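Notes follow the structure.
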Amino acid sequence: MPFWRLLLMALFLCLTGTGCSAAELPTAGVAGALEAGDTSESAPGGDTDPDAFNAGRDTGEEPNDSVPDGDPFETEGAADSEAPDPNAVRVTSYRRDLSTDDEEEQPWNFPPGALELFVLEGDSFVPIPGAPGAPGEYVFPYVPPGVYYLKDGHNILVTAAREVDLGFNQPLRDDIVDLDFESSLRVSLGNLEPWHDRFSGLEGRQVPPFSDLQLVSEQLGFGTSLVLYDMFEGATAAFEELQPARVPMFEKERGDRARVVQQSPRELCALPGGGVQRYLTAVRALHLPPFSHDGSLTLDLEGRLQPLPLRELPLDWRLSAFTSLAADVHPDAVPATSRFSMRPASPESSTEGWMGFPGELMSLGVPHDGPDGLAGTIVYGNPSHTHTGAVARAATTFAVPVRTPDGMTFTLTASTFVQDRPARLADGPLLPRTRPPRDLTIDGTEAYSSRTLEAGAHVIGWQPPSDGAPDVYLLRLQRLELEDPGSPFPIPTLQLYVDGGATSVRLPPGVLQPGAHYSLIVESLVSEGYAVGKRPLMLNDRFSVSRAAALCGLLSVPESTA
């Protein structure tokens, strides 16, 4: 048995006993391995959809302001007088509440067993004991030098960092009540911009996008489109009772409010083959005063919308630079759609924060056979009183046809996108900032072909993008629910965050389940200042980030014969 394993065994006895102090922890070390992986269970949460503006950290645990009794890492007075132990891995986490003006930070106190840490010994994942320390801290007092795997929910960090920051933003109240029943809505709205109606039946003249009304509450993290069936082309008022909609509980005494936003189509530019490229943009809004609603009565939305100040954004989107990445995504990949969109965000001076939910400011869609580029000036309004800035994203989604071993066919997708402040995207041609990883392999053989894999650990390999190593690689493993073969539903299973200098990682055993099908995406990720050990789970709170995905073939696991 390796010497470091004996030390760990002794340490484990210390941690589970009553007579060890921090000063008695072993300090010997061994060389680590540049590979990665963990866990037999996973939980939903974290970053799963690169085409969605998501934010927050789904841990399933509530903050706890108390330190556990008998904490073996609490050495009162010693921390200030002794240098940090170079063999320890210290994980910290602070919740930053963005709903207040002073952005208060609070320690997130880990319960025992909240985090797991593993090192590789050959092909085996060896657990390293750890426990909560000071408020907002989790300590693994002895970890062999080199790369280790740190598991937090369904996220695994593959890093050699001795200090890891798992801080997260929590902009919403943590006591929001989602009503278990649907509520009727009644709208009585005036002063609309003339309505562009999708249901008017004027074939040949009706071209998408069409007018839309959105109901948004930033305090409650809620938003939905209001589908109006009684509207007609050119209408400037809406009077209609809507079908039941699922809304959260509003409490007037807590200042809960909402806004109704009208989005209308605008023209960007003429298209080479004829026609006009259009987009949808926020133009008018009604800010409702605080109100209460528990679902027992009809929710009335009444008032006059007011025009929004409109901003301008010059756009020079080189679409062909995105769609030409298809061969890097997968040998059979074809461009499916491209989309440019904007959302409310923290003021322009910040580099990280909450991007508002959900309420898009504008959106522009381009089909797979669209032009090589689009150039023109976008106008948009921002109805948010708190998130006065904006963040924009240009994305292209690629489609890959796959077939299961029993002959079922469907399509997998992967995306490449650039996200940044609008002014930075407009400062020159809009181009990809990174390319997909190359030469994907599984256990040393090419990974683009669909295959059957035995349950157990497997090594995923790749080569850096042709334009150089990214800041981080993100591997996203998703189990596919195939009840509707025409629309497979991806269930997040595992996310591995790997340093940009690595070219392989090991999937832990127990992740691939018998009888299941999986998609595996390997992404290059570029974001200034972003690193695996530095707030990695807040990827979707970063305003400037670019990602490019490569897609493995369908991974199928046979039914168990036991």
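Source: prediction; values computed, not measured.
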Original post:
At what distance, to the nearest 0.5 angstrom, does CZ of Arg284 lie from CG of Asn191?
Top reply: 5.0 Å
Subject >> Asp212-Ser225 side chain donor-acceptor pair, cut-off 3.5 Å >> reply: yes
Original post:
Any salt bridge between Arg257 and Glu218, counting N to O under 4.0 Å?
Top reply: no
Original post:
Any luck finding a side-chain donor-acceptor pair between Ser264 and Glu193 under 3.5 Å?
Top reply: yes
Original post:
Taking Thr281 for the side chain and Val379 for the main chain, is one N or O donor matched with an acceptor at less than 3.5 Å?
Top reply: yes
**OP:** Determine the minimum heavy-atom distance between Ser363 and Arg339, stating which atoms define it.
**Re:** CB-NH2, 3.4 Å
Subject >> side chain to side chain contact (heavy atoms under 4.5 Å, CB included) evaluation trace for Thr298 with Leu185 >> reply: CA-CA 6 Å; Thr298 298; Leu185 304 179; 5.8 Å; no
Original post:
Any luck finding a side-chain donor-acceptor pair between Glu528 and Ser544 under 3.5 Å?
Top reply: no
Subject >> Student check: side-chain heavy atoms of Leu226 and Leu301 closer than 4.5 Å >> reply: yes
Original post:
Glu240 side chain to Asp230 main-chain N or O, any donor-acceptor pair under 3.5 Å?
Top reply: yes
Original post:
Quick one: is the NZ or CZ of Arg547 closer than 6.0 Å to the six-membered ring centre of Phe417, and within 45° of its axis?
Top reply: no
**OP:** Sort out for me which residue in Leu496, Leu157, Asp471 forms a side chain to side chain contact (heavy atoms under 4.5 Å, CB included) with Val532.
**Re:** Leu157
Original post:
Which residue, Ile521, Leu494, Leu412, forms the side chain to side chain contact (heavy atoms under 4.5 Å, CB included) with Gln478?
Top reply: Ile521
Original post:
Taking the side chain from Ser93 and the backbone from Leu166, do they hold a donor-acceptor pair closer than 3.5 Å?
Top reply: yes
Original post:
Rounded to the nearest 0.5 Å, how far does CZ of Arg535 lie from OH of Tyr530?
Top reply: 10.5 Å
**OP:** Establish, for the pair Arg266 and Tyr279, whether the NZ or CZ atom is under 6.0 angstrom from the six-membered ring centre and no further than 45 degrees off its axis.
**Re:** no
Original post:
Can you find a heavy atom in the side chain of Leu228 that is under 4.5 Å from one in the side chain of Leu213?
Top reply: yes
Original post:
With a 4.5 Å limit on heavy-atom distance, are the side chains of Leu315 and Thr377 in contact?
Top reply: no
Original post:
What's the shortest heavy-atom distance between Ala392 and Met342, and which atoms?
Top reply: CB-CG, 3.7 Å
Original post:
What's the verdict on side chain to side chain contact (heavy atoms under 4.5 Å, CB included) for Glu233 and His196, showing C-alpha distance, side-chain angles and the deciding distance?
Top reply: CA-CA 5 Å; Glu233 187 76 11; His196 191 78; 3.3 Å; yes
Subject >> Minimal non-hydrogen separation, Gly167 against Met538, with atom names >> reply: O-CG, 3.3 Å
Original post:
Out of curiosity, Leu551 CG to Arg476 CZ, how far, rounded to the nearest 0.5 Å?
Top reply: 9.5 Å
Subject >> CA sep, side-chain torsions, deciding dist, call: Glu105, Arg95, salt bridge (Lys or Arg N to Asp or Glu O under 4.0 Å) >> reply: CA-CA 5 Å; Glu105 283 193 338; Arg95 179 182 70 171; over 6 Å; no
Original post:
How far apart are the C-alpha atoms of Val545 and Val526, what are their side-chain angles, what is the distance that settles it, and do they pass the side chain to side chain contact (heavy atoms under 4.5 Å, CB included) test?
Top reply: CA-CA 6 Å; Val545 59; Val526 173; over 6 Å; no
Original post:
Between Ala548 and Pro436, what is the shortest heavy-atom contact and its length?
Top reply: CB-N, 3.4 Å
Original post:
Are the side chains of Val498 and Leu475 in touch, meaning some heavy atoms are under 4.5 Å apart?
Top reply: yes
Original post:
Quick one: are Val91 and Glu163 in side-chain contact, heavy atoms under 4.5 Å?
Top reply: no
Acceptor/donor pairs from residues 329-338 side chains to any protein atom, 3.5 angstrom cut, sequence neighbours excluded:
unit_1, atom_1, unit_2, atom_2, d
His330, ND1, Asp332, N, 2.9
His330, NE2, Tyr448, O, 2.7
Ser338, OG, Thr396, OG1, 2.8

Subject >> 4.5 Å side-chain heavy-atom contact, Thr92 and Val164 >> reply: no
Original post:
Between Asp300 and Arg186, is there a salt bridge with N-O shorter than 4.0 Å?
Top reply: yes
Original post:
Would you say the side chains of Arg343 and Asn382 form a donor-acceptor pair under 3.5 Å?
Top reply: no
**OP:** State, to 0.1 Å, how close Pro432 and Val418 come at their nearest heavy-atom pair, and which atoms those are.
**Re:** CA-CG2, 3.8 Å
**OP:** Begin from the C-alpha positions of Ser346 and His387 and carry the test side-chain hydrogen bond (donor to acceptor under 3.5 Å, both in side chains) through to its verdict.
**Re:** CA-CA 5 Å; Ser346 304; His387 293 81; 4.7 Å; no
**OP:** Without swapping roles, check the side chain of Gln263 against the backbone of Glu360 for a donor-acceptor pair under 3.5 Å.
**Re:** yes
**OP:** Return yes when atom CZ of Phe239 has more than 12 non-hydrogen atoms of other residues, nucleotides or ligands closer than 6.0 Å, and no otherwise.
**Re:** yes
Original post:
What's the verdict on side chain to side chain contact (heavy atoms under 4.5 Å, CB included) for Trp195 and Phe232, showing C-alpha distance, side-chain angles and the deciding distance?
Top reply: CA-CA 7 Å; Trp195 195 259; Phe232 57 88; over 6 Å; no
Original post:
Is any side-chain heavy atom of Phe489 less than 4.5 Å from a side-chain heavy atom of Leu480?
Top reply: no
Original post:
So Tyr473 and Trp462, ring pair (Phe, Tyr, Trp, His ring centres under 6.0 Å) or not? Walk me through it.
Top reply: CA-CA 10 Å; Tyr473 292 104; Trp462 61 86; 5.0 Å; yes
Original post:
Any idea which heavy atoms bring Arg421 and Pro347 closest together, and the distance?
Top reply: NH2-O, 2.6 Å
**OP:** Ignoring hydrogens and angles, tell me if any N or O in the side chain of Gln277 forms a donor-acceptor pair with the backbone of Val366 under 3.5 Å.
**Re:** no
Subject >> Asp165 side chain near Tyr94 side chain, heavy-atom distance below 4.5 Å >> reply: no
Original post:
Judged by atom type as modelled, is there a donor-acceptor pair below 3.5 Å linking the side chain of His287 to the main-chain atoms of Pro383?
Top reply: yes
Subject >> Ionic contact status for Arg433 with Asp467, cut-off 4.0 Å >> reply: no
Subject >> Separation of Ile378 CD1 from Leu310 CG (nearest 0.5 Å) >> reply: 12.5 Å
**OP:** Anything under 30° is parallel, anything over 60° is perpendicular, the rest tilted; go ahead and classify Phe250 against Phe291.
**Re:** parallel
Original post:
What's the verdict on ring pair (Phe, Tyr, Trp, His ring centres under 6.0 Å) for Trp108 and Phe168, showing C-alpha distance, side-chain angles and the deciding distance?
Top reply: CA-CA 9 Å; Trp108 179 275; Phe168 62 100; 5.0 Å; yes
**OP:** Mark yes or no for whether Ser292, through its side chain, and Lys252, through its backbone, hold a donor-acceptor pair below 3.5 Å.
**Re:** yes
Original post:
Can a donor-acceptor pair be found between the side chains of Thr493 and Arg479 at a distance below 3.5 Å?
Top reply: no
Subject >> Atom pair CG (Asp328) and OG1 (Thr416), whose distance is rounded to the nearest 0.5 Å >> reply: 8.5 Å
Subject >> Exercise: do Arg393 and Gln419 side chains pair donor with acceptor under 3.5 Å >> reply: yes
**OP:** Would you give the length of the straight line joining atom CZ of Phe222 to atom CG of Asp256, rounded to the nearest 0.5 angstrom?
**Re:** 12.0 Å
